[in-house]
Number of protein chains: 2
Amino acid sequence: MIFEEFKHLAMISMEEICHEIFMENQASIKIKKEAVAVKNLANIFNTALNLSNEKGFQSMSLRDLSRTSGLSMGALYSYFTSKEELLEMIQNQGRRLTRKVLTRQIDVNAEPDEMLRTAIRTHLYLTEIMQKWFYFSYMETKNLDKAQQEKSIESELETEQVFIDILDAGIRKRLFHVENPILTASVIKSMLQDWYVKRWKYARRQITVDEYAEFVIGFIESAVTDKSN
Amino acid sequence: MIFEEFKHLAMISMEEICHEIFMENQASIKIKKEAVAVKNLANIFNTALNLSNEKGFQSMSLRDLSRTSGLSMGALYSYFTSKEELLEMIQNQGRRLTRKVLTRQIDVNAEPDEMLRTAIRTHLYLTEIMQKWFYFSYMETKNLDKAQQEKSIESELETEQVFIDILDAGIRKRLFHVENPILTASVIKSMLQDWYVKRWKYARRQITVDEYAEFVIGFIESAVTDKSN
DNA sequence: GTCTATAGTGCGATAGAC
DNA sequence: GTCTATCGCACTATAGAC
């Protein structure tokens, strides 16, 4: 699968997510008509992500959000009860989407080397589509309360575990030679994160997500492949 | 060189830096006695870094800074003319220290494989000592004005260039087999950044900077070493 | 050189009209 | 369901006593 194919597939997930946001936050959302609520929520989230990616969530005032989204202050507060809650809503959805797409895409019956390639591609493609969401999540974790921060940490370790499991499977089948699967998974993750954190760098160099995926796969494979075979 | 040796060496640089901060910002610093100014500046910077690393620079109010540092609001404003200037002062010093230590440590006459190891270790050791400074710099770049952001980008690319040069030298001497030196340098940098960005993860797993350095060196070497030799 | 007190601004949040 | 108007508060920054 290349990026263009993945793009189509993930759009379906996006629809699901917008629906879920509405359903799950009905306690905070005063608006009852789903069509109206979903449309405005999408607007609010997109605007908040754009503004936050520019200058950070704290620096974005709700007046900024109101002006840019076209919704009044009063209208905004129909969708959340505080600025902090808006932050948590956005964070939650990012985490959920990651988990959903990553576990859906990886075929557990495949061989470890194939699984590794798929996991790398899927992760990169996902963060490419949701770049702003991931960047936001990444940068704003420290502004969350303790409980939400813990969730964020769990989510990070969960993603890392996917790679640890793949590496372990590869070691057992003697496809990989890896001395420290945990640290190896950790540095793999750092390479994947670089794609959405340092977006400007890759954009400037005109590197596409498929080119980056190919490079990372090649780099990691030449580091972990068992050369005794 | 291991970390403990480096630590001692870098402390000398720290002294220099504190002195430089005072000398260079005499326009903004109203205090004339150097001993007083340097002591208070060190206090302000350290406190600001601690608070910012917890909740971000924007969320840290100057009242927080005043309370935690023990200096009054008025005293704080003797050392900078605005909160934004404080941010820039901190950013500038981080960048300067990076450049100074990295170029000082790397022996350009060494063989590329040795240079690569030294560059990785030096980078990790430096960020270990100045962890809060680097984390701060990393997270707060987007809150800077355009001109300062550009400096930050230059600094990132400059560090990356150090690795590109080493890789190129290694390719010429047939020590390394690297298809894309730019992307390779880029992922090396992402692994090094992970050490100070995800500090909590490595602390939780009780991995020392020397252990991480050894791992990263091994990982990168097995990816870039020319296997035809 | 450092303090306290306060001016002035812009924020998050809400009440009530439409 | 959305708007405008406004409240109370916390902030940055400064002026003037010591």
Side-chain angles (χ1 to χ4, degrees), chain A residues 18 21-23 25-45 47-48 51-52 54-90 140 143-145, chain B residues 18 21-23 25-45 47-48 51-52 54-90 140 143-145:
Chain A
C18 284
I21 296 170
F22 175 68
M23 300 306 271
N25 294 282
Q26 285 202 323
S28 334
I29 298 173
K30 297 194 188 73
I31 281 57
K32 292 297 152 219
K33 278 198 209 162
E34 185 174 333
V36 178
V38 167
K39 178 179 139 285
N40 282 338
L41 274 175
N43 181 4
I44 292 170
F45 287 146
T47 311
L51 292 173
S52 298
E54 272 172 45
K55 50 182 176 177
F57 184 76
Q58 300 285 335
S59 305
M60 172 196 77
S61 71
L62 291 185
R63 284 174 166 80
D64 285 339
L65 185 58
S66 163
R67 211 176 310 117
T68 314
S69 68
L71 286 151
S72 69
M73 287 292 286
L76 289 181
Y77 273 91
S78 309
Y79 293 91
F80 47 80
T81 58
S82 71
K83 194 184 176 186
E84 201 190 334
E85 196 187 58
L86 172 61
L87 172 56
E88 288 183 11
M89 283 168 72
I90 298 177
E140 305 299 339
N143 298 317
L144 297 166
D145 63 42
Chain B
C18 284
I21 296 169
F22 174 68
M23 300 306 271
N25 294 281
Q26 285 200 325
S28 334
I29 298 172
K30 297 194 189 75
I31 281 56
K32 292 298 152 217
K33 279 198 210 161
E34 184 173 334
V36 178
V38 168
K39 179 179 138 285
N40 281 338
L41 274 174
N43 182 4
I44 292 170
F45 287 146
T47 311
L51 293 173
S52 298
E54 272 172 44
K55 50 181 175 177
F57 185 75
Q58 300 286 334
S59 305
M60 172 197 78
S61 70
L62 292 184
R63 282 173 162 80
D64 286 339
L65 186 58
S66 163
R67 210 177 310 118
T68 315
S69 69
L71 286 150
S72 69
M73 287 293 287
L76 288 181
Y77 273 92
S78 310
Y79 293 91
F80 48 79
T81 59
S82 72
K83 194 183 176 185
E84 202 190 332
E85 196 187 59
L86 172 61
L87 173 56
E88 288 183 12
M89 283 168 72
I90 298 178
E140 305 299 339
N143 297 317
L144 298 166
D145 63 42

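Source: prediction; values computed, not measured.
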Integer-rounded Å distance: [N] [atom2] and [X] [atom1]:
X       : N      : atom1 : atom2 : result
A/Ile31 : D/dG1  : CD1   : P     : 6 Å
A/Leu65 : D/dC3  : CG    : P     : 13 Å
B/Glu85 : D/dT14 : CD    : C1'   : 16 Å
B/Phe22 : C/dG1  : CZ    : C1'   : 13 Å

Report, as yes or no, whether the 6.0 Å neighbourhood of atom NZ on A/Lys33 holds more than 12 heavy atoms from other residues, nucleotides or ligands. no

How about A/Glu85 and A/Ser28: does a side-chain donor come under 3.5 Å of a side-chain acceptor? yes

If we count only N and O atoms by modelled type, under 3.5 Å, do the side chains of B/Asp64 and B/Thr68 hold a donor and an acceptor together?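 Absent: no donor and acceptor within the cut-off.
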
Quick one: are A/Ile44 and A/Leu86 in side-chain contact, heavy atoms under 4.5 Å? yes

I want to check something: taking the side chain as every heavy atom from C-beta on, are B/Leu71 and B/Thr47 in contact at a cut-off of under 4.5 Å? no

Shortest non-hydrogen separation from [X] to [Y] and the atoms involved:
X       : Y       : result
A/Phe80 : A/Met89 : CB-SD, 4.3 Å
B/Lys30 : B/Tyr77 : NZ-O, 3.0 Å
B/Met60 : B/Ser52 : SD-OG, 4.0 Å
A/Gln26 : A/Lys32 : O-NZ, 4.0 Å

Nucleic acid footprint by protein, nucleotides 11-18 of chain C - heavy-atom cut-off 4.0 Å, B for base, S for sugar-phosphate alone: BBBB----

Please work out which residues in residues 37-45 of chain B have a non-hydrogen atom less than 4.0 Å from an atom of DNA chain C and list them by number. B/Asn40

Main-chain N/O of B/Leu87 paired with B/Glu140 side-chain donor or acceptor, under 3.5 Å: no

If each end axis of the helix from C/dG1-D/dC18 to C/dC18-D/dG1 is fitted on five C1' pair positions, the angle between them, to 10 degrees, is 0°

